[in-house]
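One structure below.
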Amino acid sequence: MRTDIFVKTVVAGLIGQIWLAAPAAAQDAAAPRQDLEKVVVTGIRASLESSVATKRMQDGVVDAVSAEDAGKFPDTNIAESLQRVTGVQIQRNNGEGRYISVRGLGPEFNNVLVNGRTMTSDTGGREFSFDLLSSDLISKALVYKTAQPFLPEGGIGSTVDIQTARPLAGRKGHSAVVNLSGSYDSNSKKKTPNASAMYSFANEDRTLGVSGSLSYTDRASKQTKAVNDAWNYKDVNLINGNLNSTGLTMADVTVKKLYIPQSFGFQEENERRKRLVAAGTVQFNPTKALQLSVDGLYSRLDQKNDVIAVSDWNNPTQLGVQYNANDQITSFLRPGSTFFANNPGIAGPGKLLGEANSNDMIVKAGDRLSTTKAFGANAKWAVAPEWTLEGDLSTSRTTSKSPDMWIVAGMVPKNGDVLTFDGTPTIKFGDSLTDPAAVRAHAVAYGQIHNGDDLKEGRVNLSWDHEIGYFKGLQVGLASSRREVDRTQWNSDSWNAFSGYHVSLPASLFTVSPLKNIFGVEGAMPSAFLRFDPYAYMAYLNQPALIAQSNDPALYGDKTKYPNGPMAIDYTKPSMWGVKEKVSSIFVDSKWEGQGWAGNVGVRYVHVDSTSIGISRVLQSAVKSPNDTTYILTYGPSTVNTVENSYKNLLPSANLKLDLTRDLMLRLAASKTLTRPTLNQMGVNNWYGGRFGDVQTGGGNPYLKPMRSTNLDVSLEWYLSKTNYLSAAVFHKKVTDFLETRLVDVQLPQFPEIAHDTRVRNGQQGKIKGLELAGQYAFDASGSLLQGFGVAANYTYVDATATREGGAPSCGYPGLSKQSYNGSVFYENSRFQARLSYNWRNHFSVDCGGGSTLPRTRAAYGQADASVRYNVTPSVSLYADAINLNNERMHEYALDESRFLTLEDVGRRFNIGVRVAF
């Protein structure tokens with residue numbers, strides 16, 4: 001807590017420094033220009049200066065992050081650098097930046113390009129995984145916040161263009177850079193190596209250039225979580241008594257509608273992430289009029305996750321329930337087998353308490369093997385003094401595979417558990433969690449998932465630079481792309497083979513493992529729990545001698561149906577879906593300029609054809625399991641289903657910049673933009689799960705329409721020098737057909753009760769409006785006590801209103817934080833560089849729930865990072881980075897903070913290395 005207050009105080013000081021420094025900066029700006037140009041900038045200042053130059057020269061509102069030199073991108077992760085851009089927030093995967101949100105819109109609403117080309121990803125959708133790329137290979141990342149006709153459509157939030165190094169833009173001759181470093185994770189206590197190398201060559205005439213790079217990253221991490229899956233509003237049976245009560249009857253039971261936690265438990269995840277990225281570029285300019293380039297990129301991410309959880313599942317019948325004035329359960333007693341034996345009037349088969357409660361140990365899937373290959377070719381030809389023709393062809397393919405695993409073993413407690421949800425949640429287990437002899441078999445879901453994402457695209461642009469009064473030129477372009485995303489899944493049919501906790505397991509399958517107390521409150525978490533190998537567990541159950549103890553020995557022992565046993569994956573019956581999308585577009589953009597002003601006006605037309613296809617087995621019936629509250633599902637033969645969709649849109653845009661003074665600029669922009677449904681949302685697949693009293697279904701929605709937005713932007717920018725600036729911007733977005741995950745209650749003929757169906761749906765419309773403030777200032781006045789220091793800070797405020805279909809609760813737009821800010825203070829001289837940064841965003845909605853389930857909200861999050869660098873010689877430097885210095889933790893709750901959902905501890909990360917330039 002003290003660290004957090006300290007960091008926030010520092011950031012507040014930084015913002016104040018910017019505004020206090022402005023008058024002095026204005027005086028400096030009035031000095032002769034040659035004085036500024038005499039200053040030689042390197043290091044952090046060189047990166048900031050490059051970013052400011054990029055921002056100033058653009059037609060629209062654009063921010064950038066730049067590398068000072070090859071292999072010196074400001075952060076170890078591209079997403080972590082982008083979070084310093086005004087209005088950009090990131091989402092982390094086990095402590096490492098993976099996705100970005102811009103101006104409150106989540107990752108699927110931001111178009112991400114690499115060298116102007118769309119990249120495939122391993123998400124199955126349009127959201128780009130930034131952890132697939134190494135920051136060592138990047139020279140610049142531009143964030144376009146206003147629409148431009150030449151940019152591919154799809155980014156209501158923004159379009160981000162990541163640019164790799166160009167050999168002809170660097171030094172002549174041969175040059176190389178080698179980075180060697182080691183990482184340390186404070187939770188896992190493990191040290192891992194990292195290495196990267198870059199080579200570049202440009203001939204004396206700069207007509208031929210070749211560059212290549214290779215990066216290897218190895219990271220070991222450990223996360224500990226406390227987890228409640230959801231808060232549900234439902235009828236709860238309140239048993240009036242305690243764990244020692246005997247002879248209770250239905251007269252001791254009342255029913256009341258309450259908010260009840262679905263489960264509560266703890267999870268530990270040990271992860272090892274290895275990433276290899278290679279890139280190469282060849283540039284050839286045979287004449288001054290012709291420029292040719294070819295690019296290739298390869299990325300392989302191998303992520304291994306060992307995830308084990310212990311959890312209490314909370315049925316809507318509990319003992320000694322306490323609740324508050326908001327009808328929210330604050331504590332209850334979860335009865336064990338002793339209570340069942342002492343109260344036959346309400347407990348037992350067919351009674352109110354039909355099955356005994358359990359303490360489950362769950363192994364979850366977490367592995368991720370992702371490979372991306374991308375190639376591109378570009379040609380620019382000055383066909384005449386005023387005419388330039390550009391053509392670009394590219395292809396990108398990403399494949400990934402991961403296990404689909406949810407494997408449960410458990411204990412039936414004798415003495416019952418005590419749970420509290422008033423403030424910090426606690427659980428007091430009545431039985432030991434470390435007795436392997438007490439563990440019984442339960443449900444097993446095991447399969448394999450393969451994802452593919454294949455994209456081919458091409459574009460041709462023709463530019464005419466010609467002056468007729470205010471008219472300065474015209475650009476027209478054609479583009480076409482074909483994208484195919486597919487997912488294939490194979491499963492075992494073992495979910496209910498041993499469910500019900502009636503089969504004993506050998507103690508040799510389990511080992512005692514300590515559990516870190518992340519709450520810091522004594523007794524809030526157990527000190528240890530049991531861990532098991534899921535493959536050894538399944539192999540034991542798959543023995544012929546055990547089949548006789550299954551829920552249906554005749555079924556699961558049938559070798560014609562299960563030749564390799566019920567635990568084996570059946571590769572003869574795949575379930576798959578795929579989406580094919582063809583996009584054709586044309587744009588026209590006109591350039592205009594006069595004394596003290598410039599702008600562009602254009603329009604982009606896009607036509608989309610999509611086909612969704614799926615192969616799956618039809619659910620025929622759902623029957624309650626004899627030993628558990630789950631359903632035994634019966635499927636029919638596989639069927640093929642195909643759905644086609646088509647739509648077209650006209651997207652005008654205009655940008656105007658006015659030079660109010662030599663250094664003060666006003667920008668105005670208006671546009672219409674869209675975001676197409678992410679492809680993995682458009683499948684025709686359906687899934688079924690949950691249990692008696694809580695049936696869960698979901699899948700794809702091939703009938704989704706694009707989300708559309710009408711946008712207005714105003715930006716005022718004051719450039720105090722080549723490095724220093726202040727800016728303020730306001731924006732307004734009117735959105736329709738917003739895409740979000742919603743839960744809707746439906747009645748399916750296979751189930752005797754209502755099912756909660758969760759999938760992405762169109763529906764809401766509303767407005768997003770906001771304010772951005774940003775600035776940076778480097779103190780370079782000779783003789784000043786602050787010489788060498790600098791500050792940078794920005795603040796974003798976003799206000800959104802939405803009208804939803806179906807009366808869903810008001811929970812805001814998913815991914816939108818109302819406020820966010822970040823600040824950095826740095827110091828550098830010819831030998832030494834240091835920077836401390838803090839990024840903060842307040843709470844935001846993860847999803848809006850639906851039906852009886854409350855919305856999920858992620859609490860405010862602030863993280864401090866630091867880096868230092870020492871130049872031993874002009875060619876050799878030592879550096880160190882620290883991520884999450886303040887050890888911030890991710891916290892989620894349902895609608896308000898009194899309803900706990902998740903607390904995640906990822907620890908701190910340190911990186912120490914050496915950079916050598918040749």
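Nothing here was measured: the structure is a model prediction, and the numbers come from that model.
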Please enumerate all residues that pass salt bridge (charged side-chain N to carboxylate O under 4.0 Å, His left out) together with Arg841, with sequence neighbours excluded.
none
Set of salt bridge (charged side-chain N to carboxylate O under 4.0 Å, His left out) partners for Lys364, sequence neighbours left out
none
Without swapping roles, check the side chain of Asn701 against the backbone of Met682 for a donor-acceptor pair under 3.5 Å.
no
To the nearest 0.5 angstrom, please state how far the CG atom of Leu895 sits from the CH2 atom of Trp231.
12.0 Å
With a 4.5 Å limit on heavy-atom distance, are the side chains of Val321 and Leu258 in contact?
yes
Student check: side-chain heavy atoms of Val227 and Asp229 closer than 4.5 Å:
yes
So, do Phe844 and Asn842 sit near enough that their side-chain heavy atoms are less than 4.5 Å apart?
no
Short side-chain to backbone donor-acceptor contact, Asp422 and Thr330, under 3.5 Å
no
By salt bridge (charged side-chain N to carboxylate O under 4.0 Å, His left out), which residues pair with Asp306, not counting sequence neighbours?
Arg531
Provide the closest heavy-atom pair for Tyr323 versus Leu238 in the form atom of the first, atom of the second, distance.
CE2-CD1, 4.3 Å
Tell me whether Asn343 contacts the main-chain N or O of Gly247 through its side chain, where contact means a donor paired with an acceptor under 3.5 Å.
yes
Are Met361 and Val408 close enough that some pair of their side-chain heavy atoms sits under 4.5 Å apart?
no
Give a yes or no on whether the ring-centroid distance for Phe264 and Trp313 is below 6.0 angstrom.
no
Ignoring hydrogens and angles, tell me if any N or O in the side chain of Asn305 forms a donor-acceptor pair with the backbone of Val307 under 3.5 Å.
no
Closest non-hydrogen atoms of Leu333 and Gly241, given as atom of the first, atom of the second and distance, are CD1-O, 4.4 Å
Are any side-chain N or O atoms of Asp252 and backbone N or O atoms of Leu248, one a donor and one an acceptor, separated by less than 3.5 Å?
no
May I ask you to test the Thr902-His891 pair for a side-chain heavy-atom distance under 4.5 Å?
no
Would a line drawn from the ring center of Phe266 to the ring center of Phe529 be shorter than 6.0 Å?
no
Under 3.5 Å: donor-acceptor pair, side chain of Thr338, backbone of Lys414
yes
Is the closest side-chain heavy-atom distance between Phe900 and Tyr893 below 4.5 Å?
no
Regarding Thr426 and Thr420, do their side chains bring together a donor and an acceptor under 3.5 Å, going by distance alone?
yes
Using only atom types and a distance under 3.5 Å, with no angle test, would you say the side chain of Gln549 pairs donor to acceptor with the backbone of Pro553?
no
Can you find a pair of side-chain heavy atoms, one from Arg899 and one from Tyr259, that are under 4.5 Å apart?
yes
Quick one, Arg856 with Leu901, criterion side-chain contact (heavy atoms from CB on, under 4.5 Å). Give me CA distance, side-chain angles, the key distance, then yes/no.
CA-CA 8 Å; Arg856 176 176 291 267; Leu901 286 174; 3.8 Å; yes
Centroid-centroid under 6.0 Å between Tyr688 and Tyr631 rings:
no
I'd like to know if the side chain of Asp404 reaches the main chain of Gln448, judged simply by a donor and an acceptor atom lying under 3.5 Å from each other, with no hydrogens or angles considered.
no
Within the distance-only criterion (no hydrogens, no angle test), does the side chain of Asp896 pair as donor or acceptor with the backbone N or O of Ser898 below 3.5 angstrom?
yes
Are the side chain of Ser494 and the backbone of Val444 linked by a donor-acceptor contact shorter than 3.5 Å?
yes
